[in-house]
Structure formats: C-alpha cells, structure tokens
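Here the structure is laid out as structure tokens; the discussion comes afterwards.
Order of the sequence lines fixes the chain letters, A, B, ..., with proteins taken first and strands second; residue numbering starts at 1 for each chain. As a basis for the values below, the full set of heavy atoms in this structure was taken, side chains included, without hydrogen atoms, waters or symmetry mates.
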Number of protein chains: 2
Amino acid sequence: MAQITIQDVAQMAGVSPATVSRALHSPHLVSKATRENIERIIRENNYIYNAAAADLSRRKSSVIGVFIPTTGGTVFASTVGAIEEYAYERGFPVMVSNTRYDPEIEAVLLHKCLERRMAGVILTGYCQANEELILSMAEKGLHCLVAWEILPETVPLSYVGIDNYQAAFEATDYLLELGHRRVGLIVGPRSGILRARRRYDGYAAALEARGIPCDPALVIERHPTMLNGKEAMSRLLRLPKPPTAVFAASDFMAIGAMAAVRERGLRVPEDISLMGFDDIEFTNYTSPPLTTVRVPSWDIGHLAVSLLMDMIESGDGVPRRLCLDTQLMLRKSCSQA
Amino acid sequence: MAQITIQDVAQMAGVSPATVSRALHSPHLVSKATRENIERIIRENNYIYNAAAADLSRRKSSVIGVFIPTTGGTVFASTVGAIEEYAYERGFPVMVSNTRYDPEIEAVLLHKCLERRMAGVILTGYCQANEELILSMAEKGLHCLVAWEILPETVPLSYVGIDNYQAAFEATDYLLELGHRRVGLIVGPRSGILRARRRYDGYAAALEARGIPCDPALVIERHPTMLNGKEAMSRLLRLPKPPTAVFAASDFMAIGAMAAVRERGLRVPEDISLMGFDDIEFTNYTSPPLTTVRVPSWDIGHLAVSLLMDMIESGDGVPRRLCLDTQLMLRKSCSQA
DNA sequence: GCATTGAATGAAACCGATTTCATCCAGCCC
DNA sequence: GGGCTGGATGAAATCGGTTTCATTCAATGC
C-alpha cells in the first residue's frame with residue numbers, strides 16, 4: 001500500500017537515486033542497460049513519481065496557469081483549448097482559473113500561482129486594476145503573458161493579442177460605409193475591461209473620422225452575455241430614434257440582440273443591421289448568419305504557449321509582443337442603410 | 001531576491017517553524033499575540049508560502065482535477081463553472097484537463113493526477129474504456145467521481161448524474177405523442193461515449209414501446225459539434241423518405257441541424273420537428289427557440305464538489321450516488337405531425 | 001499546598017525528489 | 001606507461017514545509 005519511492009526503485013535496481021532520477025529525465029546520461037532495467041522495475045512495481053517532491057526540489061513547478069474571466073462557454077474557450085493542447089504536447093500541465101471579472105479574485109489567484117511556483121501564467125481578459133500586481137509578479141520570477149490584448153510599449157509585459165481598437169474602428173466604419181448614420185454600440189464595461197474600452201474607442205474614433213457625433217444614448221455597457229445583449233438591444237429599439245445599425249462588440253451580445261430584434265417583430269438586416277465581434281462558431285448558425293470580426297482565437301492560444309515557453313526557457317525578462325490580424329467576416333446581418 | 005521561508009519567518013518572530021505553520025493553518029492553536037505578530041511579519045516581509053513543500057510534507061495535495069472531453073465551448077462549461085466556484089470557496093484549487101474524447105490521453109492525465117497526489121478527480125464525459133483504470137485509481141487513494149452519468153450498482157464508483165436513458169426515452173416519446181412516426185436520431189458515437197449509448201437506448205426503447213421499428217437509416221452517430229449536426233441533418237433530409245421529426249441528442253448538433261433545415265429551404269417546426277438535449281443557453285436564442293431536455297448542469301457541478309469533499313473528508317471508500325432530474329423544455333421547435 | 005489539567009510552544013524527524021561535486025574506470029594518444 | 005578525456009555513477013546536501021511527541025507553565029480543584 002505504501003507508495004514506492006525513488007529510493008526503493010534505486011535499491012531494487014542496485015543503483016543510486018540519482019541514477020534513477022537521471023534515467024527519468026535525462027536518459028542520455030545513463031547507460032542503456034541501466035536505463036532499461038530501471039524502466040522495467042518502475043513498471044513492475046508500479047512506481048508513481050511524486051510531482052510535489054520534484055517541484056520542491058527544483059524550486060519550480062512545470063504547471064502553467066491560465067486565467068479567464070468567466071467559464072460559461074466563453075469566447076476564450078477556443079483560446080484555452082489551444083493552450084491546453086499545445087501545453088500538453090510540451091508536457092506542461094495547465095491550471096485554468098476563473099476570475100469572474102473580479103480583480104480581487106484575480107489577485108488571490110495570482111498569489112496562488114506564486115505559492116505553486118508556477119512556470120508561467122497566461123492572462124486572458126486582462127484587468128487593468130491589477131496591472132501593478134502583475135508587473136510585480138513578473139519581477140518575482142513568475143512569467144506572465146497577456147492574451148487577447150495589446151499593451152502600450154511603456155508596459156513591460158509580454159502579450160499575444162489583437163488590436164481591439166483598430167478592429168472596432170474597421171467594423172464601425174464598415175457600417176458607416178453602408179450608409180448608416182445612427183450606429184448603436186453594445187459593449188462590455190469600459191471601466192473594468194480593457195478590451196471593452198479599446199473597442200469603444202475604436203467605435204468612437206470611426207464615427208469621429210466621418211464627422212458623426214457620438215450619441216451616448218446609443219451606447220450601452222454590459223457584461224458580455226446573451227441576456228445582456230438582448231436587454232441592451234431592447235432598450236435601443238425602444239428609443240424615440242432607434243439606430244439603424246448596431247455594433248455588438250461581442251458575439252454573445254449580438255446573439256442576444258438578434259433575439260431582441262426578432263421579438264419586436266423586426267428583421268435583421270432588413271430593419272436593422274447587426275455586427276458582432278469575436279467570430280465564435282455559433283455565428284455561422286444564426287439566422288441570418290452574423291457579420292462579425294474574426295479573432296484568431298485558437299492562434300492566440302497557440303502562440304501564447306510558444307512565447308511563454310520561450311520566456312521560461314530563455315529566462316531573460318525581455319517582453320515578447322505579438323499583434324495578430326483580425327478580419328471582417330461579411331455574412332448576412334448587415335445591409336445598406 | 002531569495003524567497004523567505006517559514007524558517008526565516010519563525011526566526012524573525014522568535015518562535016519555531018512549527019508555530020508559524022500552526023498560525024497559518026490552525027490559528028486556534030496559537031495565542032492571539034503570537035499569531036498577530038507572525039501575520040505582521042509575513043505581510044511585511046512578503047513571505048510566500050510554498051505549496052509544493054506543503055504537498056510533499058502532507059503526502060497530499062489539495063488540488064482537485066476535472067476532466068472534460070473537449071474544451072471548445074461545451075455543454076460542460078456550466079458544470080465546470082460550478083465546480084470552480086464551489087471548489088474555490090472551499091479553498092481547493094482545480095485543474096481542468098481536456099481528454100479530447102481520447103481514452104489514452106485520459107489515462108495519461110489520470111496518471112498525472114496520481115503523480116500530484118490530488119485530493120480528488122471529477123470526471124465528466126466518462127469513458128468506459130478506462131473504467132478499470134479509474135477503479136484502480138480509487139484504490140490507490142485518489143477519490144474519483146463521475147459526473148453527468150449514472151452507473152450500475154455493480155460499479156463501485158461515486159457519481160452525480162442524470163438518467164440519460166430515461167431522459168431520451170421521454171424526449172422521444174414526446175415526439176411520438178405528437179404523432180410522428182419517422183423520428184430520426186443524431187447522437188454521439190455509442191461505442192466511445194456512455195452518455196451517447198444511453199441516449200440511443202432510450203430513443204430505441206421509446207420507439208419499441210409503441211411498436212415502431214427502429215430504422216437504422218434514421219440514426220446518425222457523430223461527435224457532438226454544430227458542424228456534425230448540420231451534416232447529419234443534411235443526410236437525413238436527403239433520404240428518400242426523410243423523417244418528420246429529429247431528436248438531436250445534443251443541443252450543439254441540434255443547432256447545426258437547424259441550419260441544415262434552413263439551408264434546404266425548409267422550416268422548423270412546420271416541415272420538420274426538432275428536439276435537442278442539454279438545454280445550453282443558446283437554445284433560448286435560436287429561431288425558433290429549441291425544445292430540448294434540460295439538464296441541471298450547474299447543480300451537477302455544485303453537488304459533485306460537495307460529494308467529493310465529503311468523500312475526501314470521510315476517507316471511507318463508500319461510493320456516493322446521486323441521480324438528478326431532467327425536464328422537457330417545451331419551446332417552439334416541435335409541432336404536431 | 002500539591003497533583004492535575006490544558007494551552008502554548010519547540011525539537012526534530014520526516015516527506016521524496018534533484019543536483020552538485022567527486023569518483024571511478026576504460027580507452028586513447030604520444 | 002603515464003596522462004588525459006569523458007562517460008557512468010554515487011554520496012550527500014538540499015528544497016520548505018508538517019506533525020508527533022515532549023515540554024513548560026499557569027491555572028484549577030480539592
């Protein structure tokens with residue numbers, strides 16, 4: 001019943017624990033015969049490696065942490081999927097934590113990462129409230145990488161993201177190009193979510209570039225859920241002068257918005273044009289299919305892992321920065337004004 | 001730069017490491033003055049607890065593992081969300097792993113749980129191929145609990161699940177009740193996914209109960225994705241004698257199926273009735289809203305955590321079993337034959 | 001006043017790996 | 001044959017906590 005330890009294995013194989021450890025992690029340092037003998041003994045005796053002991057001894061765990069703001073089938077699912085897949089391939093276990101959009105929870109969880117001496121952390125849904133904390137993590141030897149966001153040069157943090165500002169600008173401009181003049185925006189809370197602020201700014205800038213004043217009544221800020229999208233759209237439709245196009249800066253909200261339009265007996269895009277953001281899979285299956293901004297969310301996860309590995313292996317504190325392209329996916333939810 | 005250890009804290013506080021450890025985990029064993037002094041020193045010196053050392057010393061980690069078959073915005077998202085939330089409240093970190101419906105990956109990951117001496121594991125998407133392995137885990141002291149599934153009495157494993165057979169029976173029967181006689185089924189691969197098999201069996205039993213022969217041409221097995229649902233439905237519609245109702249035993253597939261119907265220029269439910277399974281949030285927002293089987297997936301996660309905690313604390317090997325109710329959510333995707 | 005009790009603490013033995021440094025030895029060169 | 005080289009291995013310190021058992025000491029009971 002008692003677990004076999006590396007000492008026991010060593011004894012049975014007539015070698016020292018050091019040799020067993022080497023056979024496990026640096027096989028090339030051990031002669032073929034010895035190695036095979038050790039492997040056989042491990043198999044036959046059901047030896048189970050103790051990760052905690054290893055982590056303690058190495059003063060470092062190989063676990064990488066992933067922070068997401070919410071679990072419920074989010075737009076980050078595919079990013080997380082990619083992270084898991086690539087980390088698994090490289091032998092790094094991942095530990096996903098849910099911050100629930102709460103900076104305090106995020107702070108607690110970051111501390112846990114420190115306690116586990118994790119190899120690194122990938123932060124999606126970067127929350128500016130903890131910027132200082134995150135920077136100090138990096139100093140304490142925890143490699144941090146921000147995903148889905150790009151950061152100013154002045155912030156010495158690594159990231160793999162998209163230009164939310166630019167993407168929102170283009171999306172809005174597309175609606176304007178179609179002739180819409182009253183364009184609504186449904187977006188996440190600007191104060192808490194950097195992503196949301198950047199998208200808002202892009203929207204506002206696009207309007208301004210065409211000399212259209214930004215009407216605050218047309219902007220609604222809510223956490224990105226379908227229900228919130230629906231409620232927001234209902235409100236916009238009840239306006240004395242409702243918008244002719246709405247940019248929902250999250251597909252989840254766009255889906256809710258679409259339902260709101262339907263419920264009111266109106267049609268997309270005939271009565272109102274609708275633009276989403278993120279390009280989650282579901283947008284291909286809505287009726288009509290949703291025009292949206294494609295975010296390479298799988299690639300973000302994939303590259304986040306490689307950059308993070310790179311940081312871990314090199315050990316230099318140099319921030320890696322990568323900005324990926326977004327793309328307007330023209331489907332059927334937008335039409336000429 | 002070097003990390004402060006518990007020894008250092010002890011020295012600064014003029015006490016032994018044992019006392020510091022107690023102040024941290026069993027405050028009632030330490031006098032108020034000592035405790036507060038220790039807490040102050042910890043704060044001022046930025047002491048960071050070393051989880052690996054603790055795990056090693058305790059021969060046990062507090063991490064609980066969660067296995068899901070796929071990350072991409074799945075039906076398990078809400079279960080996982082609940083697990084995270086409740087585990088967080090109780091101070092148990094969770095580590096989510098993605099088995100990708102692959103028994104071999106699952107086996108590897110289970111072994112990792114052993115290596116980490118995890119407190120317990122919750123398995124959604126139970127894969128029968130590893131049943132023996134899982135049972136042996138339990139013997140090795142790793143508490144396992146199966147979620148989303150119920151198991152025969154003969155299998156000494158804990159679970160919190162639903163009766164997939166019964167639920168599928170009821171769903172199918174509802175369609176039959178509406179007068180449909182050619183009812184198609186789109187379901188996961190029966191050979192790999194227990195859930196899929198049970199749902200298939202429920203479907204077949206419902207037909208049989210009414211003396212309707214089960215036409216193999218009407219049954220399509222695919223992994224539950226929207227795309228697969230769409231392709232499956234296209235195939236059913238191209239049949240010489242297509243079904244008048246289809247039971248997609250996963251909402252994701254139902255959503256894909258709905259798109260296929262639309263693409264063919266037909267309508268739900270006028271031309272074909274459609275029933276889903278799981279009741280993911282999207283189903284409220286499809287057009288028409290999808291009639292489906294509600295699974296209490298948040299509750300499953302919540303209860304899974306409490307039962308697992310119970311198992312961990314009691315230490316007895318007694319399996320906990322819990323079967324929750326499902327419910328037919330009648331929306332607008334089914335009509336009289 | 002003495003034995004008893006219990007709260008607060010400390011000493012020290014672990015937990016099970018990793019890794020540095022040293023050792024041994026065979027083969028090779030000159 | 002002596003000095004080198006480099007591959008294979010071992011000894012032992014170390015990582016940073018936890019926990020058992022013993023000890024101290026003040027308060028309590030009779």
Side-chain angles (χ1 to χ4, degrees), chain A residues 1-39 41-42 45-63 91 112 114-119 140-141, chain B residues 1-39 41-42 45-63 111-112 114-119 140-141:
Chain A
M1 192 63 240
Q3 297 273 8
I4 306 287
T5 73
I6 202 174
Q7 324 273 349
D8 303 322
V9 174
Q11 202 177 331
M12 292 188 237
V15 298
S16 73
T19 302
V20 177
S21 179
R22 281 190 281 251
L24 252 26
H25 306 296
S26 325
H28 60 281
L29 292 180
V30 175
S31 75
K32 190 151 172 278
T34 315
R35 174 160 32 91
E36 285 172 357
N37 187 233
I38 290 175
E39 279 163 3
I41 289 179
I42 286 180
N45 295 279
N46 242 300
Y47 161 68
I48 299 169
Y49 182 73
N50 186 318
D55 285 354
L56 172 58
S57 185
R58 290 216 179 90
R59 293 178 245 342
K60 203 76 199 145
S61 148
S62 63
V63 173
K112 297 276 180 205
L114 241 30
E115 291 187 350
R116 301 215 156 262
R117 309 296 193 265
M118 284 193 185
K140 280 176 186 135
Chain B
M1 192 63 243
Q3 298 272 10
I4 307 287
T5 74
I6 203 175
Q7 324 274 349
D8 303 322
V9 174
Q11 202 177 331
M12 291 188 234
V15 297
S16 73
T19 302
V20 177
S21 179
R22 281 191 280 253
L24 252 26
H25 306 296
S26 325
H28 60 283
L29 292 181
V30 174
S31 76
K32 190 150 175 278
T34 315
R35 176 160 33 90
E36 283 172 356
N37 187 234
I38 290 175
E39 278 162 4
I41 289 179
I42 285 181
N45 293 280
N46 242 301
Y47 162 67
I48 299 169
Y49 182 74
N50 186 319
D55 286 354
L56 172 58
S57 183
R58 291 215 181 90
R59 293 177 234 3
K60 204 74 200 145
S61 147
S62 63
V63 172
H111 199 262
K112 297 276 180 207
L114 241 30
E115 292 186 350
R116 302 214 156 263
R117 308 296 192 265
M118 284 192 185
K140 279 174 188 136

Sugar-phosphate, base or nothing in reach of B/V20, heavy atoms under 4.0 Å: nothing

Point-to-point distance, once rounded to the nearest 0.5 Å, from CZ of A/R117 to CG of A/L56: 9.5 Å

5' precedence on DNA chain C between B/R58 and A/L24 (nearest-nucleotide basis): B/R58

Under 3.5 Å donor-acceptor pair, B/S57 side-chain atoms to D/dG17 base atoms: yes

Length of the CD-P vector between A/Q7 and C/dG16, whole Å: 9 Å

Protein-nucleotide distance (A/Q11, atom CD; D/dG10, atom P), rounded to Å: 13 Å

Interatomic distance where CD1 belongs to B/I38 and P belongs to D/dG17 [whole Å]: 13 Å

d(CG, B/N50; C1', D/dT18) in whole Å: 13 Å

B/K112 atom NZ, over 12 foreign heavy atoms within 6.0 Å: no

Below 4.0 Å: OP1/OP2 of C/dT18 and any side-chain N or O of A/S21: yes

Side-chain donor/acceptor contact of B/R22 with base of C/dG10 under 3.5 Å: yes

Step-by-step side chain to side chain contact (heavy atoms under 4.5 Å, CB included) determination, A/M12 to A/N45: CA-CA 10 Å; A/M12 292 188 237; A/N45 295 279; 3.6 Å; yes

Worked verdict on B/V9 versus B/I4 for side chain to side chain contact (heavy atoms under 4.5 Å, CB included): CA-CA 7 Å; B/V9 174; B/I4 307 287; 4.0 Å; yes

Given DNA chain D, 5'-ward residue of the pair A/S31 and B/H25, judged by closest heavy atom: A/S31

d(CD, B/Q3; C1', D/dG17) in whole Å: 14 Å

Atom-to-atom span, CD1 of B/I6 to C1' of D/dT19 - whole angstrom: 12 Å

Atom pair CD1 (B/I6) and OG1 (B/T19), whose distance is rounded to the nearest 0.5 Å: 9.5 Å

d(CG, B/D55; C1', D/dT18) in whole Å: 12 Å

Contact nearer the 5' end of DNA chain C, comparing B/R117 with B/A18: B/A18

Side-chain N,O (B/T19) to OP1/OP2 (C/dA8) below 4.0 Å: no

Distance in angstrom units between A/L29 CG and D/dG10 P, rounded: 13 Å

